[in-house]
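A short worksheet on the structure shown next.
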Amino acid sequence: MGSQQKDATSSSSCFSHFCSSALRAKTLNPSFGRATSGGDGLIRRLGILDLLLLGVGASIGAGIFVVTGTVARDAGPGVTISFILAGASCVLNALCYAELASRFPAVVGGAYLYAYTAFNEITAFLVFMQLMLDYHIGAASIARSLASYVATFFELIPALKGNIPAWIGHGGEEFFGGTLSINILAPILLALLTIVLCRGVGESSAVNSFMTATKIVIVIFVIIAGAFEVDVDNWSPFAPNGFKEILTGATVVFFAYVGFDAVANSAEESKRPQRDLPIGILGSLLICVALYIGVCLVITGMVPYNLLGEDAPLAEAFTSKGLKYVSILISIAAVAGLTTTLLVGLYVQSRLYLGLGRDGLLPSLFAKVHPKRHTPIHSQIWVGIIAAVLGGLFNVHILSHILSVGSLTGYSVVAACVVTLRWKNKTGNQASSKCMSTWCEGVICIVTVACCGFATGVLYRYGASFIFMIVAVVIAILACAALCYRQAYSDPPGFSCPVVPIVPSVCIFFNIFLFAQLHYEAWIRFVILSVISVGIYAFYGQYHANPSSDETIIYHMAPEEDAH
């Protein structure tokens, strides 16, 4: 009997410890916004131009030459509207990111950090795990695509044409019914980029800036060259399959803009983060929107939408017009685009691991920064190894339908953080019972908006009656109204997202609406990974986490600023 009571007491104590740890929030010292010189921290080298090119490099890959054409086959010339709608949605998400990046300008972590501060430890860890799986699979997949392009360039050498085996670069040599797919070139390319990133943010930024600038110049040239081949008759009918296909196209091309959050993750390495981060986030996204719209108008004006190719529609369109040299430029831009997307993706992953290592949610090895290079070399090498294993041994392209879960959930959490941090400040000084009541009411409203977004997405996906979708939208509007009139909001320091809480609520609704459009296996992945994440946190994170560990972080000024 005594043994049973002891076991029950022990179980109760473990559960109590888990709850108290999981619900801890991170409090940042305001002085962290000030950088100092000296120490072994990251170094501030990135200016506005670097951040803009970082965001564009992360967002625009080979997809600009493929996605535009494939979606246009269904949406017709209306694919331009699809990109505008998706771009508008991403701009709203970017406004939320910009506010939080300005609010916490000196600390690495991005969405993970924001969730840790606005909500609690377990939510932050779940956001990290969902984002990280997206990044790992995405990096491996991009590495394979890049390997295929590089192999194609090697085949321009007469002696190598047709003699490069599949296991070196093209796809991969499959074994055990496709379970294993060996590719040698992808890990080699990942190793080279990892070495560049380990050398320092200055070197990696220089490579990214050169490759991204090359890509932008080629895309602009492609748009100008294609404009002279446009036949306006090809734009009629503008929406041959109706507005629904345009909206469906918007849900697909939304992911072509994903990447601007990379700027937020460079907070510790930005020269003037409170000013430059919002400019970098919003500016890079607007550049991407303009380039995508230009490519859409050109490709649908050059060739009738129903005649566009599947694999390389833009290149094929120029070839059909006798402009084969432009097709070669497009291939070069595709290689540059894949390289920069992969480079920035690896960079972002290492900074997220660095943040968790500092907070104790991962082993302290990930928190170590090289004293001379000022880069988290252990985190960077780990990220490179994971991507190399996935890219070298598995056909990661078949996992593409479970991607984007992390991005959509991360964006939704960031939008929710904007709301909670705004009204948290005004309720914090009230009585605890009143504060809890206000907090719970606000969280319930946010969750209601998210649930309505998912319900609307599922109803839309399976062709349910329009009336049911209207009901879900109305409920979401009422929940948003409750957020407006039942909460008090303060103005944050630095950049301010406009029309809070309406803009963040729209972000959450549309992000979860898109989540509902993903393959059902993506939903399963979300649930399984969440369970695994809770298990990892229960066995390791809750016992080692130290939310206040960032008190020992020392921030670097860039050398040229030290002179001032």
Side-chain angles (χ1 to χ4, degrees), residues 35 37 40-62 108 135 139 142-143 146 149-150 153 188-220 259-273 275-277 279-281 283-284 287-288 291 329 332-351 354 369-377 379-381 383-384 387 555-564:
S37 59
D40 298 336
L42 301 179
I43 191 164
R44 296 190 179 278
R45 291 184 181 273
L46 303 179
I48 290 181
L49 182 60
D50 298 309
L51 295 174
L52 287 171
L53 293 175
L54 188 74
V56 175
S59 299
I60 294 186
V108 72
Y135 280 128
I142 293 169
L146 181 58
Y149 270 102
V150 172
F153 276 109
I188 293 175
L189 294 173
L190 284 163
L192 292 174
L193 291 178
T194 299
I195 291 172
V196 171
L197 288 163
C198 286
R199 287 188 60 84
V201 69
E203 289 80 356
S204 57
S205 176
V207 172
N208 176 71
S209 297
F210 173 76
M211 300 290 278
T212 302
T214 300
K215 173 175 58 179
I216 292 174
V217 169
I218 292 177
V219 171
I220 293 174
F260 59 83
D261 57 322
V263 180
N265 283 284
S266 64
E268 267 187 50
E269 290 158 293
S270 170
K271 292 179 182 177
R272 300 177 182 85
R275 184 200 69 174
D276 293 354
L277 290 178
I279 296 174
I281 292 170
S284 62
I287 291 171
C288 294
L291 293 177
L329 286 176
I332 295 173
V335 170
L338 287 168
T339 303
T340 56
T341 303
L342 184 56
L343 186 74
V344 176
L346 294 173
Y347 165 85
V348 170
Q349 291 175 61
S350 68
R351 271 54 182 177
L354 171 65
V369 176
H370 193 278
K372 293 183 179 179
R373 297 292 179 187
H374 301 290
T375 57
I377 286 185
S379 295
Q380 198 68 71
I381 292 174
V383 166
Y555 300 105
H556 260 274
M557 294 293 288
E560 58 268 27
E561 290 200 355
D562 287 341
H564 294 295

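Keep in mind that what you see is a predicted model, and the values were worked out from it rather than measured.
- Of the possible donor and acceptor atoms, none in the side chain of Arg272 sits under 3.5 Å from a partner among the backbone N and O of Leu277.
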Checklist entry - Where do Ile60 and Thr212 land on the side chain to side chain contact (heavy atoms under 4.5 Å, CB included) test, with the steps shown first? => result CA-CA 9 Å; Ile60 294 186; Thr212 302; over 6 Å; no

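- Tyr347 is linked by a ring-ring contact (aromatic ring centres under 6.0 Å, His included) to nothing, counting only residues two or more places apart in sequence or in another chain.
- Shortest non-hydrogen contact noted between Gln349 and Ala139 is NE2-CB, 3.8 Å.
- Closest approach of Arg351 to Thr375, counting heavy atoms only: NH2-CG2, 4.3 Å.
- In this structure, Cys198 and Ile381 approach most closely via the heavy-atom pair SG-CG1, 4.0 Å.
- A distance of 7.5 Å separates NE2 of His374 from CZ of Arg45, quoted to the nearest 0.5 Å.
- Distance alone, capped at 3.5 Å, places no donor-acceptor pair between the Thr341 side chain and the Ser59 backbone.
- Of the possible donor and acceptor atoms, none in the side chain of Ser350 sits under 3.5 Å from a partner among the backbone N and O of Ser379.
- In this structure, Asp276 CG and Ile48 CD1 are separated by 4.0 Å, a value rounded to the nearest 0.5 Å.
- Side-chain atoms of Asp50 never come within 3.5 Å of backbone atoms of Ser209 as a donor-acceptor pair (strictly under, hydrogens ignored).
- A side-chain contact (heavy atoms from CB on, under 4.5 Å) with Val263 is found for one member of Ile281, Leu52, Val344 and no other, namely Ile281.
- Rounding to the nearest 0.5 Å places CG of Leu189 at 8.0 Å from CG of Leu342.
- In this structure, CZ in Phe260 is found 14.5 Å from CD1 in Ile287, a value given to the nearest 0.5 Å.
- Here the closest heavy-atom approach between residue Leu53 and residue Asn208 is recorded as O-ND2, 3.3 Å.
- Heavy-atom neighbours of Arg199 CZ from other residues, nucleotides or ligands within 6.0 Å: at or below the threshold of 12.
- For the pair Ser205 and Leu46, the minimum side-chain heavy-atom distance is below 4.5 Å.
- A donor-acceptor pair under 3.5 Å is formed between the side chain of Thr340 and the backbone N or O of Gly57.
- Put simply, the side chain of Ile220 reaches to within 4.5 Å of the side chain of Leu291, judged on heavy atoms.
- Taking CG from Leu197 and CD from Glu203, the interatomic distance works out to 10.0 Å, rounded to the nearest 0.5 Å.
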Checklist entry - For Val196 and Leu192, what are the C-alpha separation, side-chain angles and deciding distance, and is it a side chain to side chain contact (heavy atoms under 4.5 Å, CB included)? => result CA-CA 6 Å; Val196 171; Leu192 292 174; 5.8 Å; no

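- Here the closest non-hydrogen pair linking Leu51 and Ser270 is CD1-OG, 3.7 Å.
- In this structure, CG in Leu190 is found 11.0 Å from CD1 in Ile195, a value given to the nearest 0.5 Å.
- For Val335 against Thr339, the heavy-atom pair with the smallest separation is O-OG1, 2.7 Å.
- In terms of modelled atom types and a separation under 3.5 Å, the side chain of Ser204 and the main chain of Val201 share a donor-acceptor contact.
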Next on the checklist: Before you tell me yes or no, could you show the steps for Val369 and Leu354 under side chain to side chain contact (heavy atoms under 4.5 Å, CB included), namely the whole-Å CA-CA distance, both residues' side-chain angles and the distance that decides it to 0.1 Å?
Outcome noted: CA-CA 9 Å; Val369 176; Leu354 171 65; 4.0 Å; yes

